[in-house]
Amino acid sequence: MWEELARKIGEKTLLVCRRSGGRIPYRTDAAGRFDDQSGENISWWTNGFWAGSLWQIYALTGAAELKSAAAAVERKLDAALLDAGGMDHDSGFKWLLTAGANYTLTKDPASLNRLLLAASNLAGRFNPGGKYIRAWNDRDGKNAGWAIIDCLMNLPLLYRASALTGDPRFGQIAALHARTAAAHFQRPDGSVEHIAVFDPVTGEKRGTLPGQGMAAGGAWTRGQAWAIYGFTLSYLHTKDSLFLACARRAADFFIAHIPASGLIPVDFAQGADCAFEDDSAAAIAASGLLELAGAAGESRYRDAAERLLTALSEERLELSPDTDFLLRRCSVSWHDREHNHPLIYADYFFTEAVLKRLGKGVFMW
Ligand code: GLY
């Protein structure tokens with residue numbers, strides 16, 4: 001099943017690359033064709049995912065046109081590296097899946113240069129008082145005390161920068177942020193908050209916010225997925241057992257809340273009468289659970305990942321050559337007006353997870 005699925009995903013990715021490889025997609029139009037964030041939205045946080053998919057399928061097939069299309073996206077992102085207002089906590093998503101993948105596969109020194117510039121900027125967002133990496137930007141510093149669970153996924157940019165330069169500062173900052181996340185985001189039941197708010201001067205915690213989730217006390221599913229995968233990655237890079245324990249608890253909470261359908265809502269607290277779904281949460285969790293299965297040596301995490309991937313491939317996968325996307329029903333946020341539509345990061349993590357299940361693809365993190 002997995003070989004066949006990977007082959008079909010690869011064929012569709014190559015086809016879509018041929019007709020739209022120059023784009024940097026985020027969402028799709030009514031006909032299911034990619035939009036393009038290449039212009040004034042070049043700093044958008046999702047702008048590395050399409051290149052990430054291209055590199056994954058390049059690693060699977062060796063098709064040279066995928067490699068050149070991915071490298072073209074990476075060059076376009078140079079404009080984002082020069083956009084101080086657009087550089088935020090999401091540099092890992094943008095440059096691990098472009099420059100990082102390129103450097104892993106080709107050792108291009110220009111890609112290493114980009115990776116280290118992005119890592120230096122990310123390290124510069126560290127607040128030493130609160131020991132957290134600041135989330136989004138604003139003009140008046142009102143959000144200077146905000147940190148978000150998603151940021152765990154960007155920490156490998158710092159771990160990699162330390163490994164590549166021999167300078168421990170980057171990895172030290174990453175591990176300090178991950179420890180803060182363990183102490184201030186995870187609840188006793190293993191679920192996580194989306195946003196933690198600190199006093200940016202004293203570092204004291206002021207509270208939490210539900211962010212893209214339904215409400216206080218809820219469990220935004222993509223945030224839970226970021227926690228599973230993100231804590232696992234910090235464990236893989238540091239071997240600190242605290243992070244493995246956090247990843248296990250996040251995974252156990254997630255697995256206990258998977259509905260009978262195997263399809264994932266936007267918030268685990270939203271109730272059966274709400275039809276908002278998020279295939280991206282399912283795909284991220286699946287890839288994180290596969291990683292955790294290896295790190296923890298527990299096959300039940302791989303079984304849960306397979307359950308999620310099977311539900312996605314049977315119920316939500318779009319293999320028609322007429323459309324550009326793979327997964328149909330994602331949501332950016334519970335509070336959005338629009339729900340259940342394609343999103344490029346769902347397709348990336350689905351591709352990554354299916355290839356990972358086969359022992360193929362490239363490790364980006
Ligand atoms: N990192 C933003 C999101 O998950 O929507």
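Whatever order the structure lists them in is the order used to number ligands and atoms, beginning at 1. Hydrogens, waters and symmetry mates play no part in the numbers below; they use all other heavy atoms, side chains included. None of the values given here were measured: they were computed from a predicted structure.
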Could you list the residues that satisfy ring-ring contact (aromatic ring centres under 6.0 Å, His included) with Tyr301, not counting sequence neighbours? none

Can you give each donor-acceptor pair under 3.5 Å made by side-chain atoms of residues 279-293, sequence neighbours left out, with the distance rounded to 0.1 Å?
unit_1 : atom_1 : unit_2 : atom_2 : d
Asp279 : OD2    : Arg329 : N      : 2.8
Ser280 : OG     : Arg222 : NH1    : 3.3
Ser280 : OG     : Asp278 : OD1    : 2.7
Ser280 : OG     : Asp278 : OD2    : 3.0
Ser287 : OG     : Glu352 : OE2    : 2.4
Ser287 : OG     : Lys356 : NZ     : 2.9
Glu291 : OE1    : Lys356 : NZ     : 2.6

Under a 4.0 Å heavy-atom cut-off, which residues neighbour ligand 1? Trp45, Asp150, Gln212, Trp220, Arg222, Trp226

Tell me whether the NZ or CZ atom of Lys94 lies within the 45° cone about the ring axis of Phe49 and under 6.0 Å from its centre. no

Sequence-distant partners of Glu11, salt bridge (Lys or Arg N to Asp or Glu O under 4.0 Å), two or more places apart: Arg7

When you check the gap from the basic side-chain N to the acidic O, do Arg169 and Asp167 get nearer than 4.0 Å? yes

Mind telling me whether His194 and Trp220 have parallel, tilted or perpendicular rings, with 30° and 60° as the class edges? tilted

